[in-house]
Amino acid sequence: MLLNSAMEMRTSVSLPWREEPRDPYRVWLSEVMLQQTRVAAMLPRYLAFVERFPTLESLAAAPLDEVLALFSGLGYYARARHLHAAAQAAVARGGLPRSSAELSKLPGFGPYTAAAVASLAFGEQVALVDGNVARVLARLLRIPGTAAEVRAQAWEVAPSLLPAGRAGEFNEALMELGATVCKPRAPSCEECPLGPHCQTRDGGDADAFPPPKTAPERPVIVWAAAAVTREDGSVLLRRHPQGELFAGTWGLPFCDAGGGIPRRSARQALEACGIRAPALRSRGEVRQTLTHRELRVALFSGTGHARERDDLRFIAPGKLGSVGLSSLLRKCLRACGIEG
DNA sequence: AAGCCGGGGTA
DNA sequence: TACCCAGGCTT
């Protein structure tokens with residue numbers, strides 16, 4: 001009965017990766033893009049991605065740069081690197097593994113994604129818990145404890161709720177319910193198909209499950225960055241190395257400027273690129289809030305030339321779509337009057 | 001177990 | 001504007 005109630009949620013939206021018969025590659029791609037990202041934000045990128053890389057094999061054969069380009073602005077770029085690496089590993093072994101256990105061995109497949117692909121695309125009878133499922137179960141069953149404890153409990157309980165032979169449908173229905181009705185805040189309990197079964201609905205305290213997390217403090221990071229344009233209008237970009245924020249994507253040459261003089265720091269950043277003491281015009285400050293820090297970038301612009309390297313390229317504004325860019329870079333370029 | 005990774009939606 | 005959200009990897 002729980003199943004039937006929850007199932008009412010299904011098929012309320014038609015999304016391209018849900019077309020039957022399901023293509024495991026596309027189901028996987030959608031799950032990766034949906035990590036920490038809403039459907040509305042990722043849908044256009046998903047469509048562009050499958051158009052460029054319609055198959056697992058085409059993705060495996062692609063240069064990483066192009067994969068990152070298609071992830072531009074989505075954030076968490078490790079997802080793109082893992083996706084690419086996993087595609088190559090999968091092709092090398094003859095295709096995508098069909099079980100959750102085997103999928104887990106590939107980069108980028110954690111417990112959730114492995115179970116999602118296995119149940120949704122391959123029909124494996126395996127439960128999954130994402131933020132939505134954890135919240136739905138916490139309210140339905142009045143699971144006490146912190147968000148982390150609720151999450152662990154949900155993984156314990158979920159397998160026992162699985163209807164025989166219909167794990168995929170059930171998983172999808174629970175996630176759909178969490179996304180549309182059993183929302184983090186202000187849940188629409190009146191519309192909930194699970195209403196009679198829910199242990200928090202009558203109390204009206206569904207909101208309290210799971211309890212809100214305490215806000216983490218967010219240290220401020222200050223960068224000084226410079227947009228240097230060449231005579232032909234192209235702008236100097238530097239690839240963020242592994243271990244740096246925005247790793248793998250391209251950004252303006254920057255230097256940490258915490259406590260220092262921003263203009264001097266910007267000059268320093270350019271010297272590291274082989275540009276000596278150019279005239280720099282101040283372009284104000286761009287801010288970007290990340291999960292664990294607030295980023296403030298003091299911006300400068302100027303003209304100049306530099307020798308290109310593997311991690312240093314002049315890119316024409318019209319060609320910006322062909323490399324991986326962060327949203328931060330877009331903001332910075334806009335502030336400098338450079339439009340992609 | 002805790003910290004690290006972007007970005008956009010919502011109040 | 002301020003707050004909220006969340007999977008996988010690394011340490």
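Order of the sequence lines sets the chain letters (A, B, ...), proteins ahead of strands, with each chain counted from 1.
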> Think S327(A) has a side-chain N or O under 4.0 angstrom from the OP1 or OP2 of dG7(B)?
Replying inline: yes

>> Can you check the distance between dC3(C) and dG6(B), where both ends of the measurement are the P atom (answer in whole Å)?
In response: 22 Å

> Taking only side-chain nitrogens and oxygens of R135(A), does any of them come within less than 4.0 Å of OP1 or OP2 of dA6(C)?
Replying inline: yes

> Looking for any heavy atom pair under 4.0 Å, which part of the strands does R287(A) touch: base, sugar-phosphate only, or nothing?
Replying inline: nothing

> Taking the six-membered ring for Trp, are H240(A) and F254(A) parallel (under 30°), tilted (30 to 60°) or perpendicular (over 60°)?
Replying inline: tilted

>> If the cut-off is 4.0 Å, is Y76(A) near the phosphate of dA6(C), judged by side-chain N/O to OP1 or OP2?
In response: no

> Rounding to a whole Å, what distance do you find between L29(A):CG and dG7(C):P?
Replying inline: 17 Å

> Is any side-chain heavy atom of F71(A) closer than 4.5 Å to a side-chain heavy atom of Y76(A)?
Replying inline: no

>> Are R139(A) and Q199(A) packed together at the side-chain level, in the sense that at least one heavy-atom pair is separated by less than 4.5 angstrom?
In response: no

>> Any base atoms under 4.0 Å from L34(A), or only sugar-phosphate, or nothing? Heavy atoms, all strands.
In response: nothing

> Taking atom P in both dG8(C) and dG9(B), what distance in whole Å separates the two?
Replying inline: 22 Å

>> I need the CD-P distance between Q36(A) and dC5(B), as an integer number of Å.
In response: 14 Å

> Start at the 5' end of DNA chain C and walk down; is the nucleotide closest to V129(A) or to R185(A) reached first?
Replying inline: R185(A)

> Side chain of Q288(A): nearest nucleotide among dG7(C), dG6(B), dG8(B)?
Replying inline: dG6(B)

> Nearest-Å distance, CD (E294(A)) to P (dG7(B))?
Replying inline: 15 Å

> Can a donor-acceptor pair be found between the side chains of S30(A) and R18(A) at a distance below 3.5 Å?
Replying inline: no

> Tell me: CG of L328(A) to C1' of dG7(B), nearest whole Å?
Replying inline: 11 Å

>> Rounded to whole Å, please give me the gap between CE in M42(A) and C1' in dG9(B).
In response: 16 Å

> Looking at CG of L128(A) and OG of S119(A), how far apart are the two atoms once the value is rounded to the nearest 0.5 Å?
Replying inline: 5.0 Å

> For atom P, what is the distance between dA6(C) and dA11(B), given to the nearest Å?
Replying inline: 14 Å

>> Could you tell me how far apart W28(A) (CH2) and dG7(C) (P) are, to the nearest whole angstrom?
In response: 18 Å

>> Please give me every residue in residues 103-120 of chain A whose heavy atoms get under 4.0 Å of an atom in DNA chain C, ordered by residue number.
In response: P107(A), G108(A), F109(A), G110(A), P111(A), Y112(A), T113(A)

> How close or far is atom C1' of dC9(C) from atom OH of Y77(A), stated in whole angstroms?
Replying inline: 18 Å

> Heavy-atom count around R93(A) CZ within 6.0 Å, excluding the residue itself: above 12?
Replying inline: yes

> Between atom CD1 of I315(A) and atom CG of L333(A), what is the distance when rounded to the nearest 0.5 Å?
Replying inline: 10.0 Å

>> Using ring centroids (six-membered ring only for Trp), state whether H305(A) and F314(A) fall under 6.0 Å.
In response: yes

> Taking atom P of dG7(C) as reference, at what distance in whole Å does atom CD of E31(A) sit?
Replying inline: 10 Å

